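Here is the naming used below: chain letters follow the sequence lines, and residue numbers restart at 1 for every chain. These numbers come from the heavy atoms of this one structure, side chains and all, not from hydrogens, waters or symmetry mates. Because the structure is predicted, anything quoted here is derived from the model rather than measured.
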Protein chains: 2
Amino acid sequence: MTTPQLTKNQSLVFDVLEKAEGPLSAYTILDKLRDHGFRAPLQVYRALEKLLEYGVVHRLESINSFVACAHPGDDCHSHGIVAFAICESCGQVTEFHDHEVDHRLMGWVQGQKFKPEKTTIEIRGLCEACAA
Amino acid sequence: MTTPQLTKNQSLVFDVLEKAEGPLSAYTILDKLRDHGFRAPLQVYRALEKLLEYGVVHRLESINSFVACAHPGDDCHSHGIVAFAICESCGQVTEFHDHEVDHRLMGWVQGQKFKPEKTTIEIRGLCEACAA
DNA sequence: ATCAATTGCGTTATGCTATAACGTGTGCGA
DNA sequence: TCGCACACGTTATAGCATAACGCAATTGAT
């Protein structure tokens with residue numbers, strides 16, 4: 001899937017996420033965009049919905065937050081399953097892919113005749129700097 | 001870790017989860033226990049906190065719900081990372097383990113010197129029955 | 001050109017999920 | 001017996017997400 005031209009609200013939300021150091025909650029994004037006319041959560045959620053669909057933003061289920069995809073210009077959907085390491089101290093998020101993990105998980109679901117739609121892999125812990 | 005004797009509230013919450021067909025939200029559990037004297041969410045959340053700690057209940061991050069562990073009498077903490085397949089149609093949850101997936105993920109984090117605390121793997125999609 | 005369908009947007013209201021903060025009682029070891 | 005840890009109850013609040021309404025702009029088929 002190719003990413004279409006973003007609308008005004010989508011661009012605003014995406015820019016906030018790109019410039020952020022780490023993941024942001026929808027309400028944090030809302031607060032950062034009040035000066036740009038945002039007034040209600042739905043404005044954020046609707047933009048996020050599209051950005052997630054385009055694959056340029058990821059949702060971190062375990063912390064109810066969102067991050068810009070770490071592959072600028074690239075299409076995350078082509079990388080298979082995306083995994084995240086989330087530092088619980090500094091909030092830093094590292095995105096990675098592992099084909100062997102994909103392969104094992106997909107092998108398992110095929111054995112169950114389970115039809116996967118969306119897979120979440122999130123490792124929470126401490127990054128190198130924070131663990132020291 | 002061995003599971004200590006459960007308190008009254010912990011037992012009530014655990015029983016509800018065990019008898020349930022699928023995952024339940026904290027508020028659903030609350031509703032099911034109103035007849036037993038439960039009045040506030042905290043009574044549920046506090047019990048869940050302990051049950052999660054003991055490893056007899058799992059939290060499904062992607063759907064904000066809880067399930068009893070699929071290994072009766074066993075200690076989930078000894079199985080390594082737990083993965084879940086969640087049917088978005090019927091709500092059925094299948095729990096499984098894959099050492100190779102564990103190994104790959106732990107290999108990756110060690111390369112990053114990341115110290116993992118809690119890992120989430122959840123595959124949402126359609127189970128065999130619902131995909132038909 | 002026009003009508004219908006689609007999409008984005010704004011607003012209000014509401015619902016669901018989770019925790020803070022306070023106080024009570026009980027059991028148990030120093 | 002004092003202090004501590006823990007489970008519990010209650011009220012209030014914080015944080016996350018969506019329903020439902022209406023309007024405007026765009027597109028595309030007839």
Q) Within the modelled atom types, does a donor on one side and an acceptor on the other bring the side chain of Tyr27(A) and the base of dA14(D) under 3.5 Å apart? A)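 Answer no: no donor N or O sits under 3.5 Å from an acceptor.
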OP1 or OP2 of [N] less than 4.0 angstrom from a side-chain nitrogen or oxygen of [X], does that happen here?
| X | N | result |
| --- | --- | --- |
| Thr7(B) | dC8(D) | yes |
| Gln43(A) | dG10(C) | yes |
| Ser25(A) | dC16(D) | yes |
| Asn64(B) | dC16(D) | no |
| Lys8(B) | dC8(D) | no |

Q) Quick one: does Ser89(A)'s side chain have a donor or acceptor within less than 3.5 Å of a partner on Cys87(A)'s backbone? A) no
Whole-Å distance between [N] [atom2] and [X] [atom1]?
| X | N | atom1 | atom2 | answer |
| --- | --- | --- | --- | --- |
| Ile29(A) | dA17(D) | CD1 | P | 10 Å |
| Asn9(A) | dA25(D) | CG | P | 15 Å |
| Arg59(B) | dT19(C) | CZ | C1' | 12 Å |
| Lys50(B) | dA7(D) | NZ | C1' | 9 Å |
| Gln5(A) | dT7(C) | CD | C1' | 15 Å |
| Leu42(A) | dA19(D) | CG | P | 9 Å |
| Ile63(A) | dA18(C) | CD1 | C1' | 16 Å |
| Arg34(A) | dG10(C) | CZ | P | 13 Å |

Choosing from [options], which nucleotide comes nearest the side chain of [X]?
| X | options | answer |
| --- | --- | --- |
| Tyr45(A) | dT18(D), dT11(C), dA21(C) | dT18(D) |
| Arg46(A) | dT11(D), dA20(D), dT12(C) | dA20(D) |
| Pro41(A) | dA7(D), dG10(C), dA17(D) | dA17(D) |

**Q.** Pair Arg124(A), Ser62(A): side-chain N/O donor-acceptor within cut-off below 3.5 Å
**A.** yes
Q.
Please verify the inter-ring angle class for Tyr45(A) with Phe66(A); under 30° counts as parallel, over 60° as perpendicular, anything in between as tilted.
A.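 Correct class here is perpendicular.
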**Q.** Side chains of Val101(B) and Leu105(B) in contact at under 4.5 Å (non-hydrogen atoms)
**A.**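 Yes, side chains in contact.
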Q: Using a heavy-atom cut-off of under 4.0 Å over every strand shown, decide if Arg39(B) touches base, sugar-phosphate, or nothing.
A: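 Sugar-phosphate, backbone atoms only, no base.
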Q.
Quick one, Arg46(A) with Glu49(A), criterion salt bridge (charged side-chain N to carboxylate O under 4.0 Å, His left out). Give me CA distance, side-chain angles, the key distance, then yes/no.
A. CA-CA 5 Å; Arg46(A) 289 205 272 231; Glu49(A) 185 179 15; over 6 Å; no
